[in-house]
Structure formats: structure tokens, C-alpha cells
Colleague: 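Handing you this structure, nothing more for now.
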There are 2 protein chains.
Amino acid sequence: MPAKTDHEARRRDVSAAVWKVLAADGFSGLTLRAVAAEMGVSTGLVMHYFPSKHALIVHALEVAEERTRALIPEVADLRTALAAALPVSPEAIEINRVWVSSWDVALAEPELGALEQARYRRWRARLRPLVIEAQTTGDLPTGDPSDLVAGLAAFTHGLVVQALFDPRTFGRKRLLHLLDAHLSALRPPDGRPGTIAPRVQKPRAGASR
Amino acid sequence: MPAKTDHEARRRDVSAAVWKVLAADGFSGLTLRAVAAEMGVSTGLVMHYFPSKHALIVHALEVAEERTRALIPEVADLRTALAAALPVSPEAIEINRVWVSSWDVALAEPELGALEQARYRRWRARLRPLVIEAQTTGDLPTGDPSDLVAGLAAFTHGLVVQALFDPRTFGRKRLLHLLDAHLSALRPPDGRPGTIAPRVQKPRAGASR
DNA sequence: GTACGTACCGAACGTTCGTTATGTACTTTT
DNA sequence: AAAAGTACATAACGAACGTTCGGTACGTAC
């Protein structure tokens, strides 16, 4: 009775087109017609694979989370995990632009806001063991890991936003320097030096900036 | 020849209505009709005081910046300045929601992105003397003040975003605790204690959380 | 009192949006 | 061969959008 084409594969095609539109124009530019035009088909096809625009948005956010996850190496220490989240590569810039752009709709629609809340909690949960590990090696001070995790997530995402709007000031080298300097500053005085981040006291003279 | 009404005052009325719409529905919900409905007038009136929707958006962002500035006491130390930017009051929550919501359009339209970039630079410039002051009192480590400013701005705005999506987890008390703990962790080992932030090592048992 | 400019309404303009309905080409099952 | 179901294109729907425009009410200036 049924099919001819690979439904799952075609759905991924649509998903990819959605992502291209998002990367180019953000959520305010995400329309069914833009997605259809991107892949050279009709809006009817798009709605054949996604029942509504809302489903398209939810799916796009899932893709964004998956891409973010894929950005971080399977086995990583804290510095690596945080550095991967910074907009230090074209791919990372694209993903972060989509994230930041999504916050508008996420704040406007409670359901999407709840999804974003859950995503943040997942991110912090993934960071948590890395923070605890850094605490045991003396790279981070003792104290409530939850506080440290929230603070490091905040630091990272705050840098992301500033970098997206001011890529000249916050280039790749400077972002990584800021991260290292921050981790270094957090290291307790009695911590053994240099396990997860180089000790940075004074920035080198010719550093990016 | 000319006028009867107070043009400037009426313009502020429109501006206030714009703000109410933004606070309620974000930038994705900002339409001329919504603004007009908010103040019970026609869209014609709105366009009488603002030539286009774009002008309305630009003006709204200026208002947001001014409100942010007004939030911070005239004379303040670093902790006070950063604490004021956190969503710890209904007013601050409202402002921050508008800010985060604006990033979607700001990323999509280069002109608005440039304005946002300039605003971030102004914010960091306002933070800078406070950071330098904290360095001289030994509350912050020596090193490039630009790095510390960017890091503290990042930390603060990163907390803002997490708090907006998860106000239960990031209530007023916890936000202030996180800020204090962060400033405390940054204090160099030879720094005299307690000038700009209480020394927080272990969170009190019954703290907000 | 006449002329003129501002303030504003009400309605409509053309566009674009998400969504739906209709029809056709093609495959697979019976 | 007939039946059925998937995979689309095409076209249209109604709603909402930013913007424009004609008209009216009301001042002030002459």
C-alpha cells in the first residue's frame, strides 16, 4: 500500500532547510515560504512533513540542541566543554546565533520557554560532573557545585552574546583567553597549577584583542 | 499656525504603550495595531508620532537603555552596579525580558546589531572605572581591566538569561548569592576581605536555592 | 471670518503570513 | 487491471501585517 520515498531522509532535508533559514535570518525570518524556497519546493511539501509551523520551531530547537551537543567532544574536561560552546568557529557562531535568536519566541510562548528551561538544566547537568572533577583536582574552589556550574554557564553564554554582536572585539583568540583567564582566576590559592587551564596573570603583549 | 496638544508628552504616551506591549509579548508581538489598541487609538495616531515601525523599534531600544541606566544608582560600587542589572525586581525582570527579546531582531538587522554593539560597549565603559576601583582596593586581581569587565558583564548577563527562563531556580536571593560568591571567588588571596562583597565560602544551609 | 496647519480617525491599500482544499502523478498491494 | 495510499504542486483561504490616504475636527494666525 504505502510509500516510495525515504520519509525520514526527506524530513531531514526539510530540517536542513529550516536550519539554513534560521542561520540566515533568525526566528523572525523563519516562514514556511522561506523554508520551501530554500529547498525549491512548495509550502505543501513542508507541511507534509511537519504538521504546523509550531512543530517546525520545536523541531528546530531540538536540532540546535543536538548540534550543540555534537560540538563538544565525547570526553572532555571543563575547559574544553566551555570553549566548545563559545563562538570560535563558523559552526559554533551559527548555532549560537540561532540560540540567542530563539530566546524571543521562547520568552513569548510559555511552552517554548519551558523547553528552554529544560535545555538549560540539561546543560548544567552535563557541566556538573566536570565541575566536580575540577574541584577534586583543586582547579576550582570548594563549595556548592551548583553555584559554580551556574556561574560558569552564565559566564560562557554571556560571552557568547557579547561576541555575536561584537565579533571584532571578541575574536577567537580573545574568547579563549578570557575563558582561560577566568578559570585561572577562579583557581584557589592552594590549587595545583595548570590542570585544566593555563595560569594567566598578565595577558601577553601582542595578544589578539 | 501650529499646534494645540503637547507633542512631546503625547509621544511619551505612545512610547509607554510600546513598552507595555514589549513587556507583555516581546518584539515578536510588537505591532502597530497592538500599540494602538493598548492606548485605545488608531494606528494612524501611532504613525503620526513615529514615521515607521522601524523608528518605533529604535526608540524602544533607547527607552530600554535609559531604563537600565535609571536602574543603577548614580553612585555605586561594582557589586551594586552588577546587582542592579540582575532580574531581582519586577522592573528589572521586565527590562531584561525586553533586552533578551530584542536580540532576535538585532541579530537579523545589521543596523540594530550595530546599535546593540554600541550599547554593550557603553555598558562595559560604565563598568570599567568600577572594576579598576575594585582592583585598587584589592577586591579584584590585577590584570587587564578590559578582560575583567568583559567577564563580569558576561557573568551578569548569562545569569540574566538563565533566570528569565528559570525564575524558580534563580530567585532574587540566589542571584545575589551567586553574584557575591563569584566576586568573592575572584578576590585575590592577598586581598583585604569584604570591601565590595561578603566572603562566601559555603552557602548557608537554608539559603534560597 | 477666512485661511491654514496640526491631530487624529476610519478605511483601505497591497503583501505576507499559516493553513487548508483540491487535484494529479506515482507505487505498491490485491 | 483495479484499488489504495503516499507525495507532492497549485491555488486559494482568511487573518494580520506595515503603510497610505481622504476626511474631519479644532485650534491659531491673519
Side-chain angles (χ1 to χ4, degrees), chain A residues 1-22 24-61 101-102 104-106 108-112, chain B residues 1-22 24-61 101-102 104-106 108-112:
Chain A
M1 358 140 177
K4 59 178 172 186
T5 66
D6 185 342
H7 197 89
E8 207 61 28
R10 206 90 180 87
R11 200 165 197 271
R12 274 196 298 274
D13 290 346
V14 178
S15 178
V18 169
W19 186 262
K20 287 190 77 171
V21 172
L22 278 182
D25 300 323
F27 272 82
S28 59
L30 178 64
T31 68
L32 296 177
R33 283 170 173 80
V35 173
E38 171 63 40
M39 52 191 306
V41 298
S42 69
T43 68
L45 181 143
V46 177
M47 304 223 50
H48 188 71
Y49 290 96
F50 291 92
S52 68
K53 182 184 179 179
H54 186 258
L56 215 64
I57 293 178
V58 172
H59 177 76
L61 291 175
S101 167
S102 78
D104 182 27
V105 278
E109 290 185 37
E111 180 201 334
L112 298 178
Chain B
M1 357 137 179
K4 58 178 171 186
T5 67
D6 186 342
H7 196 89
E8 208 61 28
R10 205 89 181 88
R11 200 165 197 271
R12 274 195 298 273
D13 290 346
V14 179
S15 179
V18 169
W19 187 261
K20 287 189 77 170
V21 172
L22 278 182
D25 300 323
F27 272 82
S28 60
L30 178 63
T31 68
L32 296 178
R33 281 169 173 81
V35 173
E38 172 63 40
M39 53 192 305
V41 297
S42 69
T43 66
L45 182 143
V46 178
M47 305 225 48
H48 189 71
Y49 292 95
F50 292 92
S52 67
K53 182 184 179 178
H54 185 258
L56 214 65
I57 292 179
V58 171
H59 177 76
L61 292 175
S101 167
S102 79
D104 182 26
V105 276
E109 290 186 36
E111 180 200 334
L112 298 178

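Values in this document were obtained by computation on a predicted structure and should not be read as measured data. Every chain is numbered from 1 and lettered A, B, ... according to where its sequence line falls, protein lines coming before strand lines.
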Colleague: A:D13: what forms a side chain to side chain contact (heavy atoms under 4.5 Å, CB included) with it, not counting sequence neighbours?
Modeller: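 Per chain and number, A:D13 pairs via side chain to side chain contact (heavy atoms under 4.5 Å, CB included) with A:R10, A:M39.
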Colleague: Test of understanding: with side chain to side chain donor-acceptor pair (under 3.5 Å), list the residues that count as partners of B:S101, not counting sequence neighbours.
Modeller: A:D104
Colleague: Does B:M47 have any side chain to side chain contact (heavy atoms under 4.5 Å, CB included) partners at least two apart in sequence or in another chain, and if so, which?
Modeller: B:L32
Colleague: For the helix from C:dG1-D:dC30 to C:dT30-D:dA1, figure out the bend between the end axes, five pairs an end, and round to 10 degrees.
Modeller: 10°
Colleague: Could you tell me which residues satisfy salt bridge (charged side-chain N to carboxylate O under 4.0 Å, His left out) with B:R11, sequence neighbours excluded, listed by chain and number?
Modeller: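 None.
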Colleague: Heavy atoms only: give me the nearest B:A34-B:G29 pair and the separation to one decimal.
Modeller: CB-O, 4.0 Å
Colleague: Can you give each donor-acceptor pair under 3.5 Å made by side-chain atoms of residues 50-61 of chain B, sequence neighbours left out, with the distance rounded to 0.1 Å?
Modeller:
residue	atom	partner	partner atom	Å
B:S52	OG	B:H54	N	3.4
B:S52	OG	B:A55	N	3.3
B:K53	NZ	B:L30	O	2.9
B:H54	NE2	B:E111	OE1	3.2
B:H59	NE2	B:S15	OG	2.9

Colleague: Suppose the criterion is side chain to side chain donor-acceptor pair (under 3.5 Å): which pairs have a residue in residues 35-51 of chain B, not counting sequence neighbours?
Modeller: B:K20-B:E38
Colleague: In this structure, how many angstroms lie between the P atom of C:dC8 and the CG atom of B:D6, rounded?
Modeller: 11 Å
Colleague: Can you list, in residue-number order, the parts of residues 12-21 of chain A that come under 4.0 Å of DNA chain D, counting heavy atoms only?
Modeller: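 Contacts with DNA chain D under 4.0 Å: none.
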Colleague: Would you please confirm or rule out a distance under 4.0 Å between OP1 or OP2 of C:dC8 and any side-chain N or O of B:R10?
Modeller: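 Yes.
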Colleague: Apply side chain to side chain contact (heavy atoms under 4.5 Å, CB included) to the pair A:V41 and A:V14, showing each step before the final yes or no.
Modeller: CA-CA 10 Å; A:V41 298; A:V14 178; over 6 Å; no
Colleague: Mind running a 4.0 Å heavy-atom check of residues 24-39 of chain A against DNA chain C and sending the residues that fall below it, in number order?
Modeller: A:L30, A:T31, A:L32, A:R33
Colleague: Just to confirm, is there a sub-4.0 Å distance from OP1 or OP2 of D:dA7 to any side-chain nitrogen or oxygen of A:H7?
Modeller: yes
Colleague: Give, ordered by number, those residues of residues 45-57 of chain A having at least one heavy-atom distance below 4.0 Å to an atom of DNA chain C; if nothing qualifies, reply none.
Modeller: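 Listed by number, they are A:M47, A:S52, A:K53.
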